[in-house]
Engineer: 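Here it is, the structure, as structure tokens.
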Amino acid sequence: MNHRTVGFLARSLPRRRARRIISVETKGAAVTQTSALDRLYEKVIAKGLCAACGACVGNCPYLVKYKGKTVKLDSCTRSDGKCYVYCPAAYFDPEPISQAIFNESYDNNGIGNFAEVKASRSTFDEILAVAQGGGTVTSLMGMALNKGLIDAAVVTSGKGSGGFAGGVVATTLEGVKGCAGSKFVGAHSLDALKEALQSGFTRIGIVGLPCQVRSLRKMQLYDMKDQDLKQRISLVIGLFCNWSFSVGEFQSLIRTRMGTKEIRKFDVPPPPANQLRVETEDGVQIISLDELKPLIQDACRQCPDMTSEFADVSVGMYEGRPGWNTLIIRSRAGLELVEMAIQSGVLQTEPFPVENLTHLRQASRNKKERVSRMTPEASGGHLACHD
Amino acid sequence: MSRLILDEPGKEILLMGNEAIARGALEAGVRVAAAYPGNPSSEIIGNLAQVAKEMGIYVEWSVNEKVAAEVAAAAAVSNMNALVAMKQNGLNVACDFLLNLNLTGIRGGLVVIVADDPSGISSSNEQDSRSFAKLADIPLLEPSTFQEAKEMVREGFELSRRTGNFVMIRSVTRISHARGNVILGPLPKDFPVPYFDTSKPLCPIPTSITHVALHRRFKEAEEILKDSEFNEYWGPEKPELLVITCGSGWLFSKEAIDILGLCSRVAVLKVGTTWPLPKSFLIKHLQKTRRVLFFEEIDPVLENNVAELYAQHNRELPLIEFMGKNSGIVPGTGELSPELILNALGKVTGEAVEFDENQAGQAKDIIEGYAPQRSMAFCAGCPHRASLWAIKQALSLDGRNGVLFGDIGCYALGILPTGFSQLKTVHAMGSGAGMACGFGNFHQFGVNQPSLAVCGDSTFFHAVIPVLVNAVHQRSRFLLVVLDNSATAMTGFQPHPGSPVDAMGQNTSPIVIEDLCKSLGLPTVVMDPFDLDGTIETVCEMIREQTGPKALILRQECALVSGKKQGKKYQVRIDPQRCIGEECGCDRLCTRVFKCPGLTWDRSEKKSRIESVICNGCGVCADICPSHAIVKESA
Ligand SMILES: Cc1cc2nc3c(=O)[nH]c(=O)nc-3n(C[C@H](O)[C@H](O)[C@H](O)COP(=O)(O)OP(=O)(O)OC[C@H]3O[C@@H](n4cnc5c(N)ncnc54)[C@H](O)[C@@H]3O)c2cc1C
Ligand code: SF4
Ligand code: SF4
Ligand code: SF4
Ligand code: SF4
């Protein structure tokens, strides 16, 4: 138990106990006696803590995404709802998940449990041309598809439904490549997982932000509808993330700034640049982050995970070395994937310098500390070990 | 041939109260009749419209009650006999005109029928319209039987012609909608020649003259009515208790006295000419008792008027204990019933009857064995359900807590779960639009909740057009949603100005609602509410950024009309394999939230089911099922 949550928990102890009793019957998920939806709404959505991960919206007629927001449409009476159980912002308990994926206790060192950290980049020019950094993510996903490790990939396209960034199901390298590049928004991409499951795919790979990775792991752990998610979500590639924008507001700001110009890429160079670079058909435009900060999702201000600590592998930028990624290999599946990629010449890797690792850890801890400065009450589910 | 025009004087036939009223008008030689539909008054004009051709009369469903009163008055100032009928709310609409007409008087015959709805069974409000007669200084008659309903209308016309002013007749649901035997009188052959005497303009100004003239005409009426046979006395000469009653209370009281064996102790005085009171008749009987108990529906109108009379004549009268609504012995609102009267009489006389308290409960149990309890709901396949569903989704998506103002029509049920509790106000005809027009202009105070109103197609014509004119002028940012089911469904499918035929079945050019809105400059969209996604999107778009009023017409025929005309559009069934029922991911969206009565929940199978007898085959539910378990196939 985290010391920061003690006050909060002490106050709600009798209720907690009641919930524990029910939770035995529901695979350990934090099921409440009240409607799961009401609780999700009160604890997460109404408080502005929804990170737009998309876990709840594809699965339920009462929760939809609309112009980048998660909207509750009606009431629901279920107490054991997936919506609440799968939501990363409702509650998150690192321990059972760490045990399930890494077979060991959660390592609270800053960047989570890992086997190895490398510098990496794609060996394909056409991937490097469209990728955000070293194209590691696109190369790994593409290879996994080509080699049949997965039969579908859930990735995030800049042109999802309604003109908003959103999740799509890709089954070819081309499809995955089409989604390369970072969209710095919460894109509800996990709702595309429902589509992939309904289409009958049995080995699905997903690229997600840290919040999405947490949700995916909760899905696998609790698997409320017995969908065999442990097996069917077979590869989780996590991104590094410090924050993301609220998509509705961000996209309308970009549209007013850029007009109809085609946007090729967004980039956030490392500090102290304090900029968002927008590459359009006719050159680069710079927007100061000071101007954009108000558009950052409230949920991100409360998220303690910078490196997707529960992914199979996590990929971020390599500060100071353009065209390269930082690659954290965490699980056995991740290790095998990277080895295969190196052996088959898809990925080029180099050792990751110790001083860079120290720096990465510090950056990660900074994010955690930023959250811990908030009151336990406001810090929401990200921190609360058990609800 | 309609029984209403049987020319067989002396024949006794079974008539509904409203038919008896219509027959009375025919026997009085009515030439013009107008109304806006409203229960419990609707069948009066409905019946006259059916015989209009044969009887050579002019009948119209007017756009609203004020216009109906004006149309009838036009006849009544031109030497004809005319009738206008309305429910209590309608009187309020017509009031402005009628309170000027009383001052000018008329030059023909005009009977104003107001059918009150005690307990508000089919109304938004409960209102005792009788106070209007006192306000307007006009005579008021109240029938107690079906025969009287006919006779009072006939004599009302005579009184109106003799006194040169209109006469009001107050009916109630239990008179208008019940049936009883009526002996027919002769139908006239000759009618006064219609003529507007242009040498004598009609103007209420100066009131120093017209108000005095009104009082004079009222005195004349009092004189004519003082010995009216509509006032009756029944029972012992010197009763220990005198029941004074009117309307439905007359038959109920006599029956109760009989049951309680009080015939030798209690008498009943029925007042048929409620205003002006039959003073000498009342005083004569008040002198012979010490206790009086009043029974009347809704307000203590008669009770207060008699108390006033008593105060004015106290020197001639003994000390009397008055009991009724003011003393709390009779409930202050609602309908009368035999049980209520038995109870009150029992309490006052000490002759309590024994009620089997269980009887009601037993009856309920027996009925529930046959018919499951259902909450008030839109019909299966009703387009209002789809419209309100779309509005609900759109307001949730919009996320600014939009307010949907409503008014009166079938869609007023939208304040209940059957309409997803979307309506937030229900008042008078068109007042949803009026309030939304106001609310749509409060952005200067920082209000950012979208302002929406719904109205029906008939209501649109009745009272909403002036609101739109106002909204354009004030640049109010509100969205008017016209729920156009192409019918005045709530009152029985009477035609309205959007219909291609009039009350008498003649072709007429329908007024197109969207054309009217567009002509006022409103951005206007027409949608089929059964296209849920399209409608949701449209509502979201229309309320997103508003600078002035907009109109959305959701057009889909009333399920009762379309069902009759073309039967089911779709055969709908549920695939039990796909139905996930109560499970997470649905939680019975169709039967728990959407709630069309065509869908039921099979408790034992834990699956939803289509009740094919009830389902109207609209197919809308197929589009809401998250599991695609509801299958629709063209019928
Ligand atoms: C919102 C956001 C914030 C980030 N913040 C940091 C940071 O602070 N520090 C850092 O080192 N790295 C950050 N990254 C990661 C970085 O931008 C690169 O995505 C990462 O380095 C992988 O590079 P790549 O060349 O392998 O990616 P690519 O090969 O270009 O692949 C990128 C993948 O990311 C997926 N993706 C894009 N946008 C989203 C999204 N919004 N949600 C989910 N998936 C998405 C795409 O589907 C694609 O598969 C962030 C990424 C995002 C989306
Ligand atoms: S964080 Fe994800 S699961 Fe939670 S409410 Fe938002 S979209 Fe739904
Ligand atoms: S419990 Fe299930 S059905 Fe209900 S809101 Fe949550 S996810 Fe939807
Ligand atoms: S199709 Fe569905 S919504 Fe339409 S009437 Fe039948 S059960 Fe009701
Ligand atoms: S909405 Fe569909 S899945 Fe849900 S109960 Fe009804 S038929 Fe079954």
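Here the structure is a predicted model, which means the values were calculated and not measured.
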Engineer: Does the gap between the ring centers of A:F250 and A:F164 come in under 6.0 Å?
Structural biologist: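 For A:F250 and A:F164, the ring centres are not under 6.0 Å apart.
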
Engineer: At what distance, to the nearest 0.5 angstrom, does OH of A:Y86 lie from NZ of A:K218?
Structural biologist: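 These two atoms lie 10.5 Å from each other.
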
Engineer: Tell me the salt bridge (charged side-chain N to carboxylate O under 4.0 Å, His left out) pairs involving residues 54-67 of chain A, sequence neighbours left out?
Structural biologist: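 Salt bridge (charged side-chain N to carboxylate O under 4.0 Å, His left out) check on residues 54-67 of chain A returns A:K65-A:D191.
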
Engineer: Measure from NZ or CZ of A:R214 to the centre of the six-membered ring of A:F92, then state whether that distance is under 6.0 Å and the direction lies within 45° of the axis.
Structural biologist: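 Yes, A:R214 and A:F92 form such a contact.
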
Engineer: Identify whether the distance between the nearest side-chain nitrogen and carboxylate oxygen of B:R544 and B:D398 falls below 4.0 Å.
Structural biologist: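 Looking at B:D398 together with B:R544, the answer is no, because their closest N to O distance does not fall below 4.0 Å.
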
Engineer: Do B:R588 and B:T591 get their side chains close enough for a donor-acceptor pair, meaning under 3.5 Å?
Structural biologist: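 Per modelled atom types, B:R588 and B:T591 side chains form a pair under 3.5 Å.
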
Engineer: Taking 4.5 Å as the heavy-atom cut-off, does anything in residues 535-543 of chain B contact chain A, and if so which residues?
Structural biologist: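 The residues closer than 4.5 Å to chain A, in numerical order, are B:C540, B:E541.
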
Engineer: Determine whether the aromatic ring centres of B:F439 and B:F405 lie less than 6.0 Å apart.
Structural biologist: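 Distance test on ring centres: under 6.0 Å, yes.
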
Engineer: Which pairs, with at least one residue in residues 373-394 of chain B and sequence neighbours excluded, count as a ring-ring contact (aromatic ring centres under 6.0 Å, His included)?
Structural biologist: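 Found B:F378-B:H384, B:H384-B:Y411, B:W389-B:F420, B:W389-B:F594.
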
Engineer: Which members of residues 598-628 of chain B, sorted by number, sit under 4.5 angstrom from chain A on a heavy-atom basis?
Structural biologist: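 Under the 4.5 Å heavy-atom cut-off, B:P626 qualify.
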
Engineer: When you check the gap from the basic side-chain N to the acidic O, do B:K392 and A:D74 get nearer than 4.0 Å?
Structural biologist: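 Salt bridge between B:K392 and A:D74, a charged N being under 4.0 Å from a carboxylate O: yes.
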
